[in-house]
Protein chains: 2
Amino acid sequence: MSDRPITSHDVARLAGVSQSAVSRAFTPGASISPALRAKVKAAATRLGYQPNLLPRMMVQGRSGIIALVIGGAYNPFHAATLEAFSRALQDAGKRIMLVQGESDRALDEVVGELVGYRVDGVVSALSILSQDAADAISAHRIPVVTLNSGIMTDYIHVVEIDNAAAGRAAADMMIARGARRLAYVGADSIASRARQQGYRAAIEAAGLPAPLCLSGDLDHGGGLLAGREMLAASPRPDGIFCVNDLTAIGVIDALRLEGGLVIPADAQVVGFDNIPAARWPAYGLTTIDQNVEIMAKRAVELLEEPVKEARKPTVVDFTFTERCTTRPLP
Amino acid sequence: MSDRPITSHDVARLAGVSQSAVSRAFTPGASISPALRAKVKAAATRLGYQPNLLPRMMVQGRSGIIALVIGGAYNPFHAATLEAFSRALQDAGKRIMLVQGESDRALDEVVGELVGYRVDGVVSALSILSQDAADAISAHRIPVVTLNSGIMTDYIHVVEIDNAAAGRAAADMMIARGARRLAYVGADSIASRARQQGYRAAIEAAGLPAPLCLSGDLDHGGGLLAGREMLAASPRPDGIFCVNDLTAIGVIDALRLEGGLVIPADAQVVGFDNIPAARWPAYGLTTIDQNVEIMAKRAVELLEEPVKEARKPTVVDFTFTERCTTRPLP
């Protein structure tokens, strides 16, 4: 078997037609009889031929490709985000160029390089944090949709949930169920700061002391360390809100395995993201779901929309999922 | 700001040079003075210009793009696989076209479509199961590297671990630590069948009764159901090998929370994949690691190699990681 790619010439020869007939058979809307088209397609299938899409991409200046930028895969929520976004893009008939990145500075470089492939847009799970990065990205004049970012431009759209409202909801729920000594385990991100701010506001409004605020890595190990700090704290928190489920599960493991506490009798815990492990019977974690499938759908729609006059984030509703780490209402 | 893309014409005008100078500034090895190149690059950066890569892709017939095909994201192992493969490809200077798929039939269709983008190769975490699919894929004459598949052609390379040896190792380890009533929780896949076959062979060689073999979904819920079946079985298994860690964790939850058993005193459990949750202190799961980063590196190398004479899979060593769900040696 030769390594030479199959060309339209090979197909034309096998089908006994002209190369122009092969070209027309693969061009939507081109003038060709159904019989001739079928003859060409049969020969193409037999040879494994596919028309080269590059010439059409060059003429149209659009590739049908969207770049999908995603952070570390250690968190099951990122895996769920990746799957939701790639399915939404595939359903919209787009091809996906995947980029693993770490920061908004990486995003700027990435977008620059991808311009060469004439990608039609970028969807990013990385937040855009600085105006510099936002300006550099916008200079490429490619629409970018990003999650939970604070900065918008004509070319940068934001999809988010109301993170402050989610923080308020977590505090209100645990307070209604008897928590009096609240704590928050967060991280260094825009979303985490907004959740913490809403959480603090609701606690203040209830006339309770300000929460103990810890921060750490966004994974199970970060939760374990935070849980140990809480076991050592005086007074010990009895209501704990965590920036994500992995951290919440780490906190629970520390409180139970190292502190001998019973959840939710001794301490209630609320997580964020609704990862699969939140449903495992060993945890049964009460959590807030960002509805990432809806976020993905909205992000893909935004890529298709013309540049907006008003720069406003697209807000998706969150869902509060009550399980066994919070108490029943008294 | 206009929606018109930045062209080499814009850069030439801003830099006060010819369009040909802009083209030469972006062509590696082209004849141009360092001063002129610097002038062009400065103007390009200011405008956010990137040269169009499509003409070079058309001339070379190579895009620098590798398609990465991946299955469902419910399993943290798939997320780890995706991350390892995408990092290996990025490190090799490749761009990644991501495709979410479900079966080898999907893989055939996917490869066909991607030929139009002139991808240089395909890396697939999906196994190729049928000769029909393998033939259809090979007809496109694009190198494909796949994991744990039984079928190879001139265009399909396989990277795998020795799954039968891993099954033997799991049985030998639990038997050496006192297990006498073995069980296997598997799934419908080539890798699972090979693991089961090695497991059975080692149990037979030890003169013990054949294992209780269950099969189910590859997730935590499948493990819960299998664990319930084991609690109801007579005799009840005291050594359980599971096709992946998620299933093993589900089995452990059922045995502990519903059966009141103590792990590993009442039953030893061995998983597969070494997902992050295997390290959580609530489980401390003994497991077999496929070393997916090495697999990814080998897969990327294979894409660059010429067609091989002998069709042999590339075998990567697995690692047995002993934690707390198996007993110490007596």
Side-chain angles (χ1 to χ4, degrees), chain A residues 1-6 46-55 57-58 61 63 65 68 72-74 76 78-80 82-83 86-87 90 95-100 112-118 136 138-141 154-155 219-220 224 246 249-250 253 256-257 276-277 279-282 307, chain B residues 1-6 46-55 57-58 61 63 65 68 72-74 76 78-80 82-83 86-87 90 95-100 112-118 136 138-141 154-155 219-220 224 246 249-250 253 256-257 276-277 279-282 307:
Chain A
M1 197 181 268
S2 137
D3 251 354
R4 187 175 63 77
I6 305 295
R46 207 172 131 203
L47 292 172
Y49 167 79
Q50 285 284 338
N52 189 341
L53 298 176
L54 302 181
M57 282 160 64
M58 281 183 64
S63 59
I65 299 173
L68 177 58
Y74 67 91
H78 293 174
L82 176 71
E83 179 162 44
S86 58
R87 293 226 178 264
Q90 285 186 195
R95 287 288 162 201
I96 301 153
M97 195 165 275
L98 177 69
V99 183
Q100 299 257 4
E113 286 172 43
L114 297 181
V115 172
Y117 287 101
R118 294 297 181 258
S138 297
H140 297 299
R141 302 188 187 189
D154 282 349
Y155 289 94
D219 59 7
H220 185 275
L224 274 182
L246 270 185
I249 288 171
D253 280 347
R256 273 188 191 159
L257 305 174
R279 287 189 292 274
W280 297 358
V307 172
Chain B
M1 197 183 267
S2 137
D3 252 354
R4 187 176 62 80
I6 305 295
R46 207 171 132 207
L47 292 172
Y49 167 78
Q50 285 285 338
N52 189 341
L53 297 175
L54 301 181
M57 282 161 63
M58 281 184 64
S63 59
I65 299 172
L68 177 58
Y74 66 90
H78 293 175
L82 176 72
E83 179 161 44
S86 57
R87 293 228 178 262
Q90 284 185 193
R95 287 286 161 203
I96 301 155
M97 195 165 274
L98 177 69
V99 184
Q100 299 258 4
E113 285 172 45
L114 296 182
V115 172
Y117 287 101
R118 294 298 180 256
S138 298
H140 297 300
R141 302 189 186 188
D154 282 349
Y155 289 95
D219 59 7
H220 186 273
L224 274 182
L246 271 185
I249 287 171
D253 279 346
R256 271 186 192 161
L257 305 174
R279 287 189 292 273
W280 297 358
V307 172

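Each chain gets a letter, A, B and so on, in the order the sequences are listed, and its residues count up from 1.
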How long is the span from the [atom1] atom in [X] to the [atom2] atom in [Y], to the nearest 0.5 Å?
X	Y	atom1	atom2	value
D253(A)	W280(B)	CG	CH2	7.5 Å
E83(A)	L98(B)	CD	CG	10.0 Å
L82(A)	H78(B)	CG	NE2	13.0 Å

- Ignoring hydrogens and angles, tell me if any N or O in the side chain of Q100(A) forms a donor-acceptor pair with the backbone of S86(B) under 3.5 Å. no
- Message: With chain B as the partner, which of H220(A), M97(A), R279(A) has the greatest number of non-hydrogen pairs under 4.5 Å?
- Response: H220(A)
- Please state whether the side chain, the backbone, both or neither of L47(B) comes within less than 4.5 Å of a heavy atom of chain A. backbone
- Non-hydrogen atoms of R95(A) and V99(B) that approach each other most closely: NH1-CG2, 4.1 Å
- Item | Residue pair L257(B) / A282(A): nearest heavy atoms and the distance that separates them | CD1-N, 3.7 Å
- Message: Quick check: do L246(B) and P276(A) have side-chain heavy atoms less than 4.5 Å from each other?
- Response: no
